[in-house]
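Sequential numbering from 1 along the given sequence is applied to the chain's residues. Values reported hereafter were calculated over all heavy atoms of this structure, with side chains retained and with hydrogens, waters and symmetry mates removed.
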Amino acid sequence: MAAMCISALNVQAVAAKGKPTKVTAGKKFTDIKAATKAGIVQGCAPFPEGVDFFGFYNGIDEAEAQRYADVEITHGRVAMLAALGFLVGEQVEGSAFLFDAQVTGPAINHFQQVPATFWGLIGAFIFVVESNRVQYAWQNPFNADKLFLLKPEYTPGDYQFDPLQLSKGKDATWLADMKLKEVNNGRVAMVAISGMVAQELVNGLNLIPADEVLEMGKSGALEAMEKQCAGTADEAACAKAFEAAERAAVFAGNAL
């Protein structure tokens, strides 16, 4: 994602023609600029012609460029859900309605704490979703020239899934703008969730209490909280109590 700034939609082409660009397997682009010009991918500000620092698009097959765009959108959607899940999950942990209030601590450890039955249900849900996605977007590997080919007329990320009918009656320009916003928000989310996971792996504490303590008391307070709360029965509760004490101390100091 960091190596190239791409989206699945050519805004000008869709607005003008009302249909996605069709790719041709075996036909190659010379570089990212050629792929952007053809409408397979699109650069984003401040790189309207695209950016590809590592040369992934040099001599790339059109079908492969199409697959890259679909992969980016898919990972962006997962990252948006993950980033939201990290923040919400840590705020409602310990609630009686969630797995008998047994899930606690940093979000990176939540999934390991849920019952095995929940794992199975999640696995079954993912299997159903992925099966439908593959049948809709991907070519039959027994009939295609090679593996991992999307259907040439398929627009990356477009699975005709709109249960709330948000796109009903909207023109192509509006749809193009929304799709571009989605992929750009997905890019931000991929960076964000990477930072969230890295932070919790480093300090082993919940995101918000750790951030607030670091902001109020600087590194010394955070190190003290890590030392005090590491290995306790409920690290999340310990971190929140420490954060509350730090906040009270800061307020008291300001009052003086």
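A donor-acceptor pair is defined here as one N or O able to donate and one able to accept, closer than 3.5 Å; such a pair exists between the side chain of Asn185 and the backbone of Lys181. In this structure, the side chain of Asn132 engages the main chain of Val128 through a donor-acceptor pair within 3.5 Å. Of the possible polar contacts, one joining the Asp162 side chain to the Ser167 backbone as a donor-acceptor pair under 3.5 Å is found. The main-chain N or O of Ala107 is found under 3.5 Å from a side-chain atom of Glu200 such that the two form a donor-acceptor pair.
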> Would Tyr154 and Trp138 count as a ring-ring contact (aromatic ring centres under 6.0 Å, His included) if you check the C-alpha gap in whole Å, the side-chain angles of each, and the deciding distance to 0.1 Å?
Replying inline: CA-CA 9 Å; Tyr154 164 71; Trp138 295 78; 8.2 Å; no
>> For Met196 and Glu90: C-alpha separation, side-chain torsions, deciding distance, then whether side-chain contact (heavy atoms from CB on, under 4.5 Å) applies.
In response: CA-CA 12 Å; Met196 292 177 183; Glu90 291 187 351; over 6 Å; no
>> With side-chain contact (heavy atoms from CB on, under 4.5 Å) as the criterion, how do Asp177 and Thr173 come out once you've worked through the C-alpha distance, each side chain's angles and the decisive distance to 0.1 Å?
In response: CA-CA 6 Å; Asp177 184 53; Thr173 302; 5.7 Å; no
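A salt bridge links Arg133 to Asp70: one of the charged nitrogens lies within less than 4.0 Å of a carboxylate oxygen. Ion pair Glu182/Lys179 not flagged as a salt bridge, since none of the NZ, NE, NH1 or NH2 atoms sits closer than 4.0 Å to an Asp/Glu carboxylate oxygen.
For Asn109, the side chain to side chain contact (heavy atoms under 4.5 Å, CB included) partners are Pro106, Gln112, Gln113, not counting sequence neighbours. Under the salt bridge (charged side-chain N to carboxylate O under 4.0 Å, His left out) criterion, Lys28 pairs with no residue at all, not counting sequence neighbours.
Annotation for Lys151: atom NZ counts as buried by contact number, over 12 foreign heavy atoms lying within 6.0 Å. Within a 6.0 Å radius of CZ in Phe111, more than 12 heavy atoms belonging to other residues, nucleotides or ligands are found. Surrounding NE2 of His75 are at most 12 heavy atoms belonging to other residues, nucleotides or ligands under 6.0 Å away. Atom NZ of Lys170 sits in a crowded spot, with more than 12 heavy atoms from other residues, nucleotides or ligands closer than 6.0 Å.
Of all heavy-atom pairs spanning Ile193 and Phe86, the tightest one is CD1-CD1, 3.8 Å. For the pair Trp119 and Val114, the tightest heavy-atom approach, listed with the atom from each and the gap, is NE1-CG2, 3.1 Å.
The distance from the CG atom of Asp52 to the CG atom of Asp31 is 8.5 Å, given to the nearest 0.5 Å. Atom CG in Leu150 sits 13.0 Å away from atom CD in Glu62 (nearest 0.5 Å). For the atom pair OH (Tyr57) and CZ (Phe29), the distance works out to 8.5 Å, reported to the nearest 0.5 Å.
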